[in-house]
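Notes to accompany the following structure.
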Amino acid sequence: MSVRKLKPITPGQRFRIVNNFEEITTNKPEKSLTRGLSKSGGRNQTGKMTMRFIGGGHKRKYRIIDFKRNKAGKAEVLSIEYDPNRTSFIALVQYEDGEKRYIIATNGLKVGQTIFNGETASPDAGNAMKLKFMPLGTVVSCIELRPGQGAIIARSAGSYGQLVAREGRYATIKLPSGEIRMILVECSATIGAVSNSDHQIEVSGKAGRSRWKGRRPRTRSMVMNPVDHPMGGGEGRATGGIPRNKNGVPAKGYKTRNKKKASSMYILERRKK
């Protein structure tokens with residue numbers, strides 16, 4: 001994985017830092033594992049805009065990802081591919097019976113490598129197994145929250161968790177945010193960190209790249225009128241008062257998590273502020 005800085009021959013390339021995509025081995029997805037993807041433009045079924053700042057963007061096809069990794073046995077990695085729907089790379093694998101599936105690629109996964117799913121798998125990068133079979137200290141990603149649910153935690157580029165303890169029915173995982181929580185040992189996870197860890201140091205360079213991704217320009221709330229936003233109005237460059245969203249809920253430190261939420265009992269340490 002590496003990035004490169006472009007020569008400043010245009011204003012849009014002056015600060016741009018792009019991925020080399022040296023891990024990518026093909027630019028054509030597996031047709032049987034792709035579906036059409038329609039855009040809403042932020043409108044609901046009646047045509048009313050319910051989400052602002054969404055619209056346009058390049059046409060995409062959705063890649064069907066196997067987040068559950070519930071097919072036991074070994075598979076061969078056929079290709080590492082780019083996925084426009086997520087920040088990480090994906091890998092096309094083929095099982096011994098000929099079935100092909102897409103999985104989230106982990107760091108170090110190579111074409112021709114063999115991966116395993118199931119309790120007999122070794123703790124090598126790309127293999128998937130339940131938390132109860134993993135050695136302590138293992139770096140994991142694509143972690144389930146409920147057995148059989150499919151990967152929920154640590155799926156984006158470069159993210160990972162660490163198995164720090166195991167006692168009884170629960171394993172203790174330290175998550176990318178710094179949160180430490182208990183997860184059932186029957187939940188499965190993938191060994192290794194998610195690929196494309198250099199994604200966080202990329203720089204788009206110009207506003208047009210956001211438009212290609214379907215993001216329209218975002219208007220600052222302070223420059224709106226009072227009818228449009230609680231922070232709008234005033235003469236000149238007013239401060240806007242207490243930072244809050246369009247519905248009046250304060251930002252920057254205001255806790256919105258329900259104190260009676262059932263899953264709080266599984267969180268041993270909250271994420272870093």
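Positions are given from 1 along the sequence.
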Tell me if a side-chain donor or acceptor on [X] pairs with a main-chain N or O of [Y] at a distance below 3.5 Å.
| X | Y | result |
| --- | --- | --- |
| R244 | I242 | yes |
| T87 | A157 | yes |
| N247 | V249 | no |
| E144 | S188 | yes |
| Q162 | G137 | yes |
| N127 | I191 | no |
| R155 | A151 | yes |
| K130 | A189 | no |
| S195 | F89 | yes |

message = For residues Y170 and L131: do they belong to one hydrophobic cluster (side chain heavy atoms under 4.5 Å, members Ile, Leu, Val, Met, Phe, Trp, Tyr)?
response =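 Not linked; separate clusters.
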Original post:
Do the side chains of I90 and L33 join up, straight or via other hydrophobic residues, at under 4.5 Å, putting them in one cluster?
Top reply: yes
How many angstroms lie between atom [atom1] of [X] and atom [atom2] of [Y], to the nearest 0.5 angstrom?
| X | Y | atom1 | atom2 | answer |
| --- | --- | --- | --- | --- |
| K59 | S38 | NZ | OG | 10.5 Å |
| S204 | R215 | OG | CZ | 9.0 Å |
| I143 | Y160 | CD1 | OH | 11.5 Å |
| N85 | R63 | CG | CZ | 6.5 Å |
| R4 | E202 | CZ | CD | 11.0 Å |

Hey, is [atom1] on [X] packed in by over 12 heavy atoms from elsewhere, all under 6.0 Å?
| X | atom1 | answer |
| --- | --- | --- |
| K110 | NZ | no |
| E99 | CD | yes |
| I152 | CD1 | yes |
| Y266 | OH | no |
| R14 | CZ | no |
| R169 | CZ | no |
| R270 | CZ | yes |
| K71 | NZ | yes |

What heavy-atom pair brings [X] and [Y] nearest, and what distance separates the two atoms?
| X | Y | result |
| --- | --- | --- |
| S156 | S88 | C-CB, 4.4 Å |
| G73 | Y95 | O-CE2, 4.4 Å |
| I183 | I153 | CD1-CD1, 4.2 Å |
| T106 | T190 | CG2-CG2, 3.8 Å |
| F15 | K5 | CA-NZ, 4.2 Å |
| D66 | R101 | OD2-NH1, 3.0 Å |

(request) Given side chain to side chain contact (heavy atoms under 4.5 Å, CB included), test K206 with R16 step by step and report yes or no. (result) CA-CA 8 Å; K206 62 179 184 180; R16 191 175 171 200; over 6 Å; no
Here the ring pair (Phe, Tyr, Trp, His ring centres under 6.0 Å) pairs for residues 33-75, sequence neighbours left out, are none
### Worked verdict on N107 versus S197 for side chain to side chain contact (heavy atoms under 4.5 Å, CB included)
CA-CA 8 Å; N107 274 340; S197 54; 4.0 Å; yes
Review point. Between S263 and R257, do the side chains contain an N or O donor and an N or O acceptor separated by less than 3.5 Å?
Key: yes
- Message: Assess, by modelled atom type and distance only, whether the side chains of E81 and S79 contain a donor and an acceptor separated by less than 3.5 Å.
- Response: yes
Under the rule for side chain to side chain contact (heavy atoms under 4.5 Å, CB included), what residues qualify as partners of S221, not counting sequence neighbours?
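H229, M231.
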message: Do L92 and T26 have side chains that approach each other closer than 4.5 Å (heavy atoms only, starting at C-beta)?
response: no
Note to self: Between Q94 and K100, is there a side-chain heavy-atom distance shorter than 4.5 Å?
What the structure shows: yes
Take the angle between the ring planes of Y82 and F21 and call it parallel below 30°, perpendicular above 60°, tilted in between.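 Perpendicular, since the angle between the ring planes exceeds 60°.
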